Amino acid sequence: MDVFPDRLATAMMHGQDLPTLLEQVREDFGLEAVSLLERDTGHAAEPRWYVVASTGEDPPEHPYDADVDSPVGDDLTLAARGSPLSSDDQRVLGACAAHCAQPTKRWMASASASASARIRGRAGTSP
């Protein structure tokens with residue numbers, strides 16, 4: 001893929017939902033499966049991974065299941081299975097990963113803020 005695909009750019013600009021964006025990424029890069037994964041470091045010795053959204057047959061459930069992965073910050077990774085990508089395609093995939101992760105990051109921030117507010121609310125009340 002020498003140029004950013006028009007269909008993918010259009011889908012991103014028009015705010016398509018995450019499964020639709022992942023399917024577009026899968027098709028445009030000629031991949032078998034794509035997943036957006038969230039890492040939960042929790043208290044375990046080894047982090048656990050959760051599939052936020054995926055498309056294709058047998059999508060990766062961990063970054064190490066993927067042929068190519070593109071981390072987005074500390075907690076999200078776009079993981080893909082299929083044909084190898086050129087270094088240029090990997091850079092474009094990284095940009096796609098960052099865009100696909102934006103709604104998830106906003107949701108995570110909102111959920112964290114809501115949980116903090118609930119905890120503060122409980123701390124201010126007596127049982």
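On a predicted model such as this, the values are computed, not experimentally measured, just so you know.
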Closest approach of [X] to [Y] (non-hydrogen atoms, all atoms of both residues):
X	Y	value
Phe29	Ser83	O-OG, 4.3 Å
Leu78	Ala97	CB-CB, 3.6 Å
Val25	Leu31	O-CD1, 4.5 Å
Pro60	Val51	O-CG2, 4.1 Å
Leu37	Ala79	CD1-CB, 3.7 Å
Pro59	Ala33	CA-CB, 3.5 Å

Any chance you could measure [X], atom [atom1], to [Y], atom [atom2], to the nearest 0.5 Å?
X	Y	atom1	atom2	value
Leu21	His99	CG	NE2	5.5 Å
Thr55	Leu18	OG1	CG	10.0 Å
Arg48	Glu61	CZ	CD	12.0 Å
His62	Ser35	NE2	OG	10.5 Å
Glu32	Asp58	CD	CG	9.0 Å

Using the rule given for side chain to side chain contact (heavy atoms under 4.5 Å, CB included), can you reason through Gln90 versus Val68, listing the C-alpha separation, both sets of side-chain angles and the distance that settles it, and then say yes or no? CA-CA 8 Å; Gln90 287 181 13; Val68 63; 4.2 Å; yes
Could you tell me whether the side chain of Asp67 and the main chain of Gly82 form a donor-acceptor pair under 3.5 Å?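 Yes.
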Trp49 and Leu36: same hydrophobic cluster, using ILVMFWY side-chain contacts below 4.5 Å?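 In one cluster with Trp49: Leu36, no.
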Is the number of heavy atoms from other residues, nucleotides or ligands under 6.0 Å of Glu23 CD greater than 12?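 It does: Glu23 CD has more than 12 such atoms within range.
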